[in-house]
Every structure is written in C-alpha cells, then in structure tokens.
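Given the structure is predicted, the values throughout are model-derived calculations rather than measurements. So that the names make sense, note that chain A is the first sequence line, chain B the second, and so on, each numbered from 1. All values below come from the heavy atoms of this structure, side chains included, with hydrogens, waters and symmetry mates left out.
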Protein chains: 2
Amino acid sequence: MNKLDESLLANLPLFAKLDRAQIRDILDLATTRRFDAGATVFEEGEAAEHFYLLLDGYIRVVRLTPAGEQIIALHIPSGHLFGIAAALGHTTYPATSVTAAECLCLSWPMRHLNGFLQSYTGFSDGVYKTVGTRVADMNNRILELATQQVEQRVANTLLRLINQTGRKTDDGIEIDFPITRQDISEMTGSTLHTISRLLSAWEREGTIKSTRKKIVVTDPHKLVLHSS
Amino acid sequence: MNKLDESLLANLPLFAKLDRAQIRDILDLATTRRFDAGATVFEEGEAAEHFYLLLDGYIRVVRLTPAGEQIIALHIPSGHLFGIAAALGHTTYPATSVTAAECLCLSWPMRHLNGFLQSYTGFSDGVYKTVGTRVADMNNRILELATQQVEQRVANTLLRLINQTGRKTDDGIEIDFPITRQDISEMTGSTLHTISRLLSAWEREGTIKSTRKKIVVTDPHKLVLHSS
DNA sequence: CGTGCTCTTGAGTGAAATCAACACATGTGG
DNA sequence: CCACATGTGTTGATTTCACTCAAGAGCACG
C-alpha cells in the first residue's frame, strides 16, 4: 500500500491548524477509495460505519420517498467531509450518497470520528461549521420550496450550482459535473418537462447554453432577475 | 434575585449526567426571562449574544422571505435549547424566535456555550443530538415540500404537531398552543384559504374538531390516511 | 445499427392560488 | 355598554401554473 502524501490534506482548511505529524497520523488511518460516476458510496438507513473526505469529484446526496420518487438534497464539492451525521448523534446514514462524477475519497472507520473531534484543534470547529453551512442551505431550500415558483427555484438552484461548483469557460460559467434536466427537477421538486421548457426559454433569451448533461450560464445577471 | 431551584434542570435529559454542584454552577450563570405570547425573543441576523433553554411554553422559529412572506421553520417544546446556532459556527441568529404562548426561559451569554460543551459530560452529546433531530426534521420537510400535495403536507404537519406537542383530552389529542389557519399555511407553504377548506372537510368527516386557534385530532388514523 | 437515455414540444388537465365577500369572535376606547 | 376596529375563519368563483399525457427527435454506446 502506497503511503499517502501529506499535502493531500495540508491545504484543506479543515486541517490547516494541524502539524505534519498529526496529518501523518490521520492519513495512516485512512483508506483510499475510487468510485466510478454514478456509484453508490453508502445508502440511507445503513449503519454508519465510515466517514469520508472527498478528494476529487462530486457527491450527490439523495433521498427517496416511500413512493419511490427521488430528490437531491445537496451536492458536495471536493475537499469536504461527508457521511459525518454521527457527529449529530445518528447511528445510521440519514441519506444516500451517489457520485455525480468519478470520485476519489478517503475513508475512516467511524470510531475515529470522536477521537478526531476531540484531539485535533480546528477539526471540530471545521466539522461543525460544515454542518452549519449545510443546515443554512437546507433552511434556504425550505424557504424557497415553500414560497417560490418553479422558475425562481430553478434560477436559484443554478446560481447556487455555479457559485459552489462553477468553472469558468469562454462562454460563461459551467457547472462542473454532468447534470440532466431530471437531476435539476429532483433538486427543485419539479418535473423534467418543466425544466426542459424553462431551460429552452432561457437559452432562447441568451441566459444559458446547454447541451446534453451540460449547462453553461452565459449571463448570470439575467438568471438573478429570474430568481426573485 | 431568587436562587433557581436545581430540580429545574435535573430532570432534563440534557443535564442528566451532571451532579448537583455542576447544575448549581450552570444555574448561577443563568438569567430567567418571561415572555408574553407573541413576543420576539431574538431576530434573524442579530448578533447571537445569548442562548436559551425553554422551561415552559412554546417557541416558534420563523423566517422571512425578501418579499415579506413568513414561514415557520419549527416549533420548540419546553425542555429544549434554542438559539444555539453558534455551536455550528454561526455568529448571528439564522432565524427569528417568537413565542407561540407565554414562555419562561433561562438564558446564558453565548461565551459560556463552548465552556459548557467542553466541561459537562453529556451536554455536548445532547446539544448535537438536538441539532441532529432538527436537521432530520428539516430534511423530511424538504422531501415533503418537494414531492407531496398540500393535503398530505398538512396531514403530516398535524401528525408531527400532535406527536411533539400533543395533549390528551376527552375528544382526542389537542395541539397544546394556540394555532391559526394562517400558522399552518406558513408551516406547509400554502394559504390560509386552502387550509381552511381542508380542515372544514376533515371536520365534516370526523377526523378533527376545530375552533378558534384550537385543533383537536379526534381520529389520528384517518389523518395518517391523508398523509400519504 | 439498433437500443436506451436524454431532451423537446404540444395539448389537455387539475390542484391550489387568487380574488371576493361575508360571518363571527375578541378586544378597545369613547 | 355600545360602536367599531381588528383578527380569524368560511365559502364560492375564477384563474393560472405546472403537472400529466403523448409523441417524437437527437445522441451515445455497446
């Protein structure tokens, strides 16, 4: 087994306050795992036996309704932890994690989580700050779902996506992973038909450019106008 | 200033693992505050300078949209902490807290929160477990809002209310604080008109009894049928 | 080169919002 | 004590947004 390089973690805010030796200790407990696009990392309801750090790729956190409908709770970009609900007292995973693109992860047995939280300065703060950000996101999501029309929700969702996972291109800002109309409908509580119509309209007015599984926002300002 | 009685806290799960002396220390740092029904404890965006324990009454956590619409994020029953978002790295309150009935609270300056979390066994676990429960609730809320019809969301909301804050009466289970059609519409992302029609229909079929600001669920099972 | 995803677009439908009017309860101040 | 304002709740009529149903076109991959 190859030793992992310490620079993998040293640049992440989460580990910024740790010294080389501490990072070494943490890395020596980690397992590296690679996942193809579309692979399931863990499923809702499973015993939460590992927690993960996403080194590269994107993770989609999804939930299923009893009726079998799926909704996407959030996307996790590289550098962030996931599967850490045990820090909030859960013993099973509260949602399913699927890869939105090819992913590279580190994983640790869950029993180390409390140790890390207590032993490493800044780690606990970082973890709970991550949780705080996600909770704030969820709250905004609820506010949107409860009060806004589909058009506004989709505009807000796209704006969030380009802010969190946007990549600059010649034409504008591109969402960094493959994303379908169906995916967006599962993020906004809508249908792929309605999303298709909306994106077609926005393409016509020059707000976005879109091809198969790819969306480039060419005029974010126009999107902001649609978002409220 | 009256000394607060230790039994106030000793029976709460949050403080179960603490001895008398520790509870005494905590109480000596606390301030008691009483609020009339409808009073605002703190507002979204304010610097988070205190955290609270609700001894008696009910707290409504609400958020405002830029457009001025209001939605109710959750209700907090007595015995629970609120205003603890600082534990997730927030420096301002992420939502407004309003009393749904007359309330009695203890409050502490926020600078003690980290001390409590670190010093008292079980307190940290309890706090994060509370957070975990609320996050799980929010997740379910999102799933409901994204996939269910108004009727199902209202049924689920009533079921949650009677589970969390229900009080047994001769007729059935009553929601323990005054609640209007408008309130329920703000919990479900609907309108008071639709809620009124729904509750009228359910009253006609014998599922609930309702008068001004009061709802008694007489047949929870029928409500379950409406909930999915 | 067909088979399965992904995406588009039109037509019809329905759930719930909006608009509108009124009834009733509660509390306030003259 | 009454008059009035305010808050709450009901119910009907109308409208609209977005879902459902339906069909087909384009692309990608084995």
Any ring-ring contact (aromatic ring centres under 6.0 Å, His included) involving residues 161-188 of chain B? Give me the pairs, sequence neighbours left out, ordered by first then second residue.
-> Tyr58(B)-Phe177(B), His75(B)-Phe177(B)
What distance do Cys105(B) atom SG and Leu53(B) atom CG have between them, rounded to the nearest 0.5 Å?
-> 8.0 Å
Check the surroundings of atom NZ in Lys222(A): do more than 12 heavy atoms from other residues, nucleotides or ligands lie under 6.0 Å from it?
-> yes
With sequence neighbours left out, the residues meeting salt bridge (Lys or Arg N to Asp or Glu O under 4.0 Å) with Arg60(B) are Asp183(B)
Classify every nucleotide of nucleotides 20-26 of chain C by which part a protein heavy atom approaches to under 4.0 Å, writing B for the base, S for the sugar-phosphate alone and - for neither, in 5'-to-3' order.
-> B----BS
Residues Arg34(A), Asp36(A): salt bridge by 4.0 Å N-O rule | yes
Quick one: side chains of residues 38-52 of chain A, donor-acceptor pairs under 3.5 Å with protein atoms, not counting sequence neighbours, listed by atom name and distance.
| unit_1 | atom_1 | unit_2 | atom_2 | d |
| --- | --- | --- | --- | --- |
| Glu44(A) | OE2 | Arg63(A) | NH2 | 3.1 |
| Glu46(A) | OE2 | Glu43(A) | N | 3.4 |

What residues, two or more places apart in sequence or in another chain, satisfy side chain to side chain donor-acceptor pair (under 3.5 Å) together with Asn163(A)?
-> none
Tell me, please, which residues at least two apart from Thr194(A) pass side chain to side chain donor-acceptor pair (under 3.5 Å).
-> Thr191(A)
Interface residues of residues 200-211 of chain A with DNA chain D (non-hydrogen, below 4.0 angstrom) | none
Quick one: list whatever passes salt bridge (Lys or Arg N to Asp or Glu O under 4.0 Å) with Asp171(B), sequence neighbours left out.
-> Lys209(B)
Could you tell me which residues satisfy salt bridge (Lys or Arg N to Asp or Glu O under 4.0 Å) with Arg160(B), sequence neighbours excluded, listed by chain and number?
-> Glu144(B)
Under 4.0 Å from any atom of DNA chain C, heavy atoms only: list the residues of residues 176-192 of chain A that qualify, in numerical order.
-> Thr180(A), Arg181(A)
Separation of dA17(C) C1' from Arg153(B) CZ (nearest whole Å) | 12 Å
Send over the distance from Lys214(A) NZ to dA28(D) P, rounded to a whole Å.
-> 12 Å
Rounded to whole Å, CD1 of Ile195(B) lies from P of dT11(D) at a distance of 15 Å
Take atom CG of Leu198(B) and atom P of dA15(C), then tell me their distance rounded to the nearest Å.
-> 12 Å
Whole-Å distance between dC19(D) P and Gln149(B) CD?
-> 11 Å
Using atom CG of Leu199(A) as one end and atom P of dT9(C) as the other, report the distance to the nearest whole Å.
-> 11 Å
How long is the span from the CZ atom in Arg134(A) to the CG atom in Asn139(B), to the nearest 0.5 Å?
-> 11.5 Å
Degree of bending in the helix from dC1(C)-dG30(D) to dG30(C)-dC1(D) once both end axes are built from five pairs, to 10° = 40°
What residues, two or more places apart in sequence or in another chain, satisfy side chain to side chain donor-acceptor pair (under 3.5 Å) together with Thr211(A)?
-> none
Taking only the side-chain nitrogens and oxygens of Thr194(B), find out if one of them lies under 4.0 Å from OP1 or OP2 of dA17(C).
-> yes
Kindly indicate, with the supporting measurements, whether the criterion side chain to side chain donor-acceptor pair (under 3.5 Å) is fulfilled by Glu205(B) and Thr207(B).
-> CA-CA 6 Å; Glu205(B) 73 178 28; Thr207(B) 309; 2.7 Å; yes
